[in-house]
2 protein chains.
Amino acid sequence: MNTLAEENYLKSIYHLSVNDGNASTNQIASSLNTKASSVTDMLKKLADKALINYTPYQGVSLTPSGEKIAISIIRKHRLWEYFLVEKLNFKWDQVHDLAEEMEHISSEELIDRLDKFMGYPKHDPHGDPIPDCNGRFNTHELKPVSAVTVNQSGIISGVRDHSSSFLQYLDKKQLTIGCKIMITDIIEYDHSVVVQTGNKEVHISREVANNLLIAL
Amino acid sequence: MNTLAEENYLKSIYHLSVNDGNASTNQIASSLNTKASSVTDMLKKLADKALINYTPYQGVSLTPSGEKIAISIIRKHRLWEYFLVEKLNFKWDQVHDLAEEMEHISSEELIDRLDKFMGYPKHDPHGDPIPDCNGRFNTHELKPVSAVTVNQSGIISGVRDHSSSFLQYLDKKQLTIGCKIMITDIIEYDHSVVVQTGNKEVHISREVANNLLIAL
DNA sequence: TAAAAAATTTAGACTAATCTAAAAAAATAA
DNA sequence: TTATTTTTTTAGATTAGTCTAAATTTTTTA
């Protein structure tokens, strides 16, 4: 078994390397709120355990076994989030920190039974896909609202920012997972976006549009 | 908040001092599978935090704030055990170690919601009372089978040993929580006990009788 | 009640994970 | 392509929790 710190590093490296397959020391440090020197120490340890590929100064990538562990933690995180929202009636902006703690409960059997208990959900409350017990999941084809052209419509299906302040803002604007929206205007000047949701028009900033994902 | 190690010490001290209100260094060491010298170090730390009353060489007792924390951990442990058995269909002999891990999830709101979700159960799968959100619970009036006289009957309502080997043995003998039994004979020679359960007679050793608790 | 045994504490060391400050390597800019 | 800046690593220290071995206190026993 791995320590809590090791698990958090693997998870962070996984998220950071989703795009380019590589994570830098500084990126990891800032995502874990720690110092670059601490990261270097841990990278050596994870490399010794063959969980990452590490060449000094060159950043890191996960090995297959490191990725397996990372995905298992993400599975746990998302299933617990689903449990908290669907069974214990938490709001979607309240569950991230709780799940950060619960994702380290080690038992795989427990999580598989939890999965079954909830009917094998495919997405967590923020729209992120939940890996199955073999670590497989659909990488959904979502676009940020900022990348959509005028008059296109779609279903809000994910967020890039999981902070409660962002989620609460979306709640207030009634821009939540599952809502159908249409992009009615894009303001050239500041790249802010006007979207139609239900019978209302909502004006959102470029930053919000960037962090709101829709399925076309 | 307290560390995992601190929480485990407080819980251990609570359990050890239920009877005489006091726990010794060696008792704590053996219950936590650690060394007496490690215990001494931790006792100083807990005393500094005013969670225990500690006089060197004299053993320790919990202060009110230490007891509050201990009971909160026990509440979590027992609620998670209930959840695992009632919702995820684990057997009563499979849940102890899982709950040891889950009891350290810190959120009180989470555990209160879990309590509500399950309908405020009063006892865990081993018959132990579950403290309510204020830390109150009935200390049930149970007797070990070894302390009962011939021809008395009662309901199996608790166990003193939570090891899976003991619980599996009870399963095999069909001596589980809720069963009505009658003590039909006590063997003078080795203090073993013959009990009637349903239409069967079961012969149990003194040790088993000692660890099986009934309500008369 | 003095000697032996048991229990407990102290002293000093170790590991995991972190930090600051300094050194080294890589990337960028002049 | 050399100088500067940024990134990363190394060196050395710190904290929590643990350990072994030695010292001390308490308890037991003769």
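Residue numbers begin at 1 in each chain, while the letters A, B, ... track the order of the sequences.
Of the candidates A/Asp41, A/Asn53, A/Leu51, A/Asn2, A/Leu46 forms a side-chain contact (heavy atoms from CB on, under 4.5 Å) with just one, namely A/Leu51. Under the side chain to side chain donor-acceptor pair (under 3.5 Å) test applied with A/Ser72, the options A/Glu103, A/Glu108, A/Glu7, A/Glu67 reduce to a single match, A/Glu108.
Side-chain N/O atoms of A/Thr34 include one lying less than 4.0 angstrom from OP1 or OP2 on C/dC19. In this model, the phosphate group of C/dT18 is not approached by any side-chain N or O of A/Ser38 to a distance below 4.0 Å at OP1 or OP2. The phosphate of C/dT8 (OP1 or OP2) has a side-chain N or O of B/Asn26 nearer than 4.0 angstrom.
Following rounding to the nearest Å, A/Lys35 (NZ) and D/dA11 (C1') show an atom-to-atom distance of 18 Å. Atom-to-atom, NZ of B/Lys44 to P of C/dT9 comes out at 8 Å; the value is rounded to the nearest Å.
Across every strand in view, C/dC14 sits in a pair with D/dG17 that passes the Watson-Crick or G-U test at under 3.5 angstrom.
The residue B/Thr25 sits close only to the backbone: its heavy atoms come under 4.0 Å of sugar-phosphate atoms, none of a base.
A/Ser163 and A/Asp161 form a side-chain donor-acceptor contact under 3.5 Å, judged by distance and modelled atom types alone. Side-chain atoms of A/His162 and A/Asp128 form a donor-acceptor pair, as typed in the model, at a separation below 3.5 Å.
Within residues 49-58 of chain A, the residues approaching DNA chain C are A/Tyr57, by heavy-atom distance under 4.0 Å.
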**Message:** As a quick check of understanding, evaluate side chain to side chain donor-acceptor pair (under 3.5 Å) for A/Asn8 and A/His104, giving each step before the final call.
**Reply:** CA-CA 9 Å; A/Asn8 284 332; A/His104 301 290; 3.1 Å; yes
